[in-house]
Amino acid sequence: MGRLLFINTIDSRILAGITMFVGMMILVGWVAINEESRMQSFVRQHNGRSIERGAELFASLCSECHGEEGYGQGDRAPGLNNPHLFGYDAVGAQTAAITLANRALVRLNDNSETLLAEFTDAENPPSEARQTEILAAIEDLEAQIEEQQAAITAAVAQRVEALNSLDTATDNDLFPLWDTVVDIETTAVDEVEVFFNTNGTRLAQVGWAGDLHGYIVTTLIHGRPGSVNVYPNGTGMAAWSQTAGGPLRQDQIEDLAAYIMNWDKGEGWTTEDFIAVQQYGKPLADGSLPSEPPPPPAGDDVAGILARWAAEEVVGSATSGELLYDAEYGCTDCHRNGASAPDTVGTASRILNERLTLPQFAGYTVEQYLVESITRPGDYVVDSYSSGLMPSNFGVRMTDQQLADIVAYLLTQE
Amino acid sequence: MSILPFPSFLDDVKEKGFKKAVFEGIDDSVERLTAGLNVQDLREAFRGESPSRRPNPRLTPHADGFWLHMRPSYFNRDVTGIYPTFRLGWLSSYFVFFETITGILLMLWYTPSPEIAYGDMLTILSNVPLGQLMRDMHRLGAEFMVAVVALHMMRTWITGSYKKPRQFTWFTGLLLLVITGFLSFSGYLLPWDQLSLWAVTIGASMAEATPVVGEQVNLLLRGAPELGANGLLRFYLLHVLLLPALLFVFFGVHYYKVVIHGHSLPPRRENIGEDSAKRVPLDKRVYFIPDMLTYELMWLGATTFIITVLCIWFYHAPLENHADPQVTPLGTTAPWYFLWIQGALKLGDKFFWGVAFPTIALGGLALLPYLDVTPSRRFSHRRIMLTLAMLLVSVSTVLSYMGLAKFAVQTSAETEIVHELTFEPAHSKVGVGRTIPYSQMVVGAYTTAELHGRDGMAASDIIAEFNAETMANGQFDQMVQELKNQHLGANQLPLRFRAVPPDEAPKLMQVIEEFAHHLDEEPDELPNVWGALVITDNQAGLKRLDWIVSWDSVLIEGGDVQYDDAGEPILLYQYQDVPQLDSAGEALLDEAGAPLTSRELVLDEDGNPIPIRRIYSDHLFIHKASAYFD
């Protein structure tokens, strides 16, 4: 073997060894030279896959309220595929033109007043020649002022036109604050400007000092308790991060943020994108709350819930229960086929014939079992399924009536 | 004169002249560094000449130096070739040091915490120059090390080298094999990706079956009932402290025994009970300096070169998605070297096959030198032991095969097929559905039915016919409903199937063909099946691919399709509740006044029962930059 490889002498071995070492160093050097571009392409690839994972999370967790295509849902949750969120001000150019013209107008007016003051100064009257000069200058300024006023009128008209083209969005009361300035022609220009400066983009609207990524990540982590007040039909955005008691890890939060940020079209946003949005973000009005507070949640005290139902004669409706079960709370996302959670079909009979025969459920009614399973899913998990999968906050999200409706619906599933 | 109590270098220069003084100084330093060889000795050694000084100065480094005192000063010529050692012992030692060095480099960027560990992996891959190469080398080295150590054991068995006086050497070797396995296994968890978490979860759960202490051992190892922060920290400490410490101790013992008993010669050259080290005939001696030393340095270069080449072009350490205890990936297996236990577990009792059997196997191996009492090392005299060795190889191969996910694990065909097409990169493989180039993911709904038309029919005609058929029998609506349930946007729902544009998207066509091929392979479990792939735009640079399987349901019990007497799979039909009527056509009522009903088959226009149509779907998102097809 040694003879075959010409390594039966010491010097050939030394030569072979040195060649191998040098070869290895050359290879490592070659890799090192290419590391920069390899690392860059890894980052690109990783970002791509992060967006993919984010898309998956969005579809299963967020699309229920924010819409499958991220346009939001009326009175439920704001659109995220939304020029307003990404800081694209639909009337920004016109507002800027008005601002510039306004400033020029103020300057011209000031100049004109100074000259007038000099002209009418009783203590120190100007000479004849100077008077003629001043009159000519004022006349000139007045012409310019007229010109600027025309420019402002034109820009305002353009802005009105731009706003009118967004009618579909504004008329539907989806972005109610714009309604207050629908009379943009009659409202003082200054007021309109202040409005657009503070409401033109989402970050300006909420007074966020950081960047958009930070805003999205923070919202994902901590949720939006206030949204119950802003969107009467919404359920309030849950805190999604594990650090705030939700189900998602930090890397999943980042994946979701990467997906949401991927909606940004930069300069490419158009009026059509504004119109496509089904719900805009609303700032909380100054400390005011809706006149009627939302009904209190059911909570997770099973005995208490059942007692309240009896006392207040809460009767569930299977029809609205089905709607809540399928759409509002998305229970069928998991409870179907029996793959990741027990199948919806046959719930009632399964509970009666299988679960309630277990020793720990002695004396339970089907109703009681259902209420406990919904509000305290961690207390008992059927053997073949993983624990911790079912969200434990349904008790907080549902009212007594909603819970009763869902129980009524499930009782029909024999 | 010098002020020092001994002559200084300047005195030397004065006495002998500058040149001579310098050369003597160098010579002296070299002799101290090499513990006995001066420049002339080294020159002779590396020129392949015999030593000019007596006694032989090349033996002094072994007697006086620290490093070489661990190595024998000469070997028997019979063990310096490839046979009988195959360099396996040397390679094992090589990997111990190789893994230590690459491991220490990786430790610089690693924090054993579930929140950080996976991010550290991404940092190593995205922001540490040569980080990927280092990780690949460490991982590949670990896989090689386990294989090499196991082969080393098999070689020792086959040549009968464990016999007297080397019984204890064999035993320490066996300990090293076990430690190597656990070292590799404990390192498996550290990247904290899905692959690590689940392979280790499966591996560690085997320990659970031990009676009495099983639960405690498991708890001690994982730090909690489920693997988490504590478990990761413990595995890390095992991997970088305890196991390496044990490995180095037993490595020392093992090698000490090898040196004092000498390497065992080929079976026909050495009888049992002989210490080959103690009497090596003069003409058989191959001295460490220079022969073995140059051999070893050459092998060092060659092996490292080969690993470098493999890690640049042929192997990359796997990194799957972040570990998620709530998502069990389909087809999880233990690391390959523990597959045999996983395979054995499928034979039955968890305690017997998972704990008792491996213990008996290892115990049997430990006792091997005492069980094999043949008074000869020759192959022809050891037929039983050689048969046993081959049996061990065969049994572990078969058990390892049985450990694979595809063996005797019940997954329904539709899940299996869609998974096969869409799985995320794992073990250097990826579902073919992800490898469609982004430009070829043409938006539309495609179906495998396109490939099942009659000969000579144009694709567009087949599709038109299929559209009409599925829309009439409700299967298309069922698919749309399924897509809605899967949160596909209302504007994105397909209106009809279209033919694959073959020129525009050849790879897409290929994937559809593969999809159809997989479905065709399950005619019994999936009767009248069709598959569909719905491609939609999701965002700029992001597409969504929905995979749908639609079929008539059959009776499946215990994972197996049930057949009727004619050998046909038993189909499940739709039933409905029909009110019972009396002879006058009035609805019959029960005692409580509710109408009596009976369950009856739903029949179509021709009076045939209608099978229950089932549908399954899964979806994935593909981003332009994800480059799965690389």
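Heavy-atom basis, side chains included; hydrogens, waters and symmetry copies ignored.
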**Atom group of E35(A) that falls short of 4.5 Å from chain B, counting heavy atoms** = side chain

**Prompt:** Between I14(A) and chain B, which part of the residue has a heavy atom less than 4.5 Å away: side chain, backbone, both or neither?
**Reply:** side chain

**Asked** What part of D251(A) gets closer than 4.5 Å to chain B, counting heavy atoms only: side chain, backbone, both or neither?
**Response** side chain

**Message:** Can a side-chain donor-acceptor contact be found between R249(A) and H322(B) if the only test is distance below 3.5 angstrom?
**Reply:** yes

**Asked** Given that the side chain runs from C-beta out, which part of L542(B) has a heavy atom under 4.5 Å from chain A: side chain, backbone, both or neither?
**Response** side chain

**Prompt:** What do you reckon, is CD of E36(A) surrounded by more than 12 foreign heavy atoms closer than 6.0 Å?
**Reply:** no

**Prompt:** If you count heavy-atom pairs under 4.5 Å with chain B, which of M24(A), E52(A), M20(A), M39(A) comes out on top?
**Reply:** E52(A)

**Asked** Does any heavy atom of chain B fall under 4.5 Å from the side chain of Y259(A), the backbone, both, or neither of them?
**Response** both

**V28(A), part contacting chain B, at a heavy-atom distance under 4.5 Å** = both

**Asked** What part of Q242(A) is in contact with chain B, defined as an atom under 4.5 angstrom from a non-hydrogen atom: side chain, backbone, both or neither?
**Response** neither

**Request:** Start with the C-alpha distance between R47(B) and D11(A), add both sets of side-chain angles, then the distance that settles salt bridge (charged side-chain N to carboxylate O under 4.0 Å, His left out), and finish with yes or no.
**Result:** CA-CA 7 Å; R47(B) 279 179 172 181; D11(A) 40 355; over 6 Å; no

**chain B contact via E56(A) - side chain, backbone, both or neither, heavy atoms under 4.5 Å** = both

**Leading residue by heavy atom contact count with chain A [cutoff under 4.5 Å; candidates T328(B), V309(B), T304(B), L293(B)]** = T304(B)

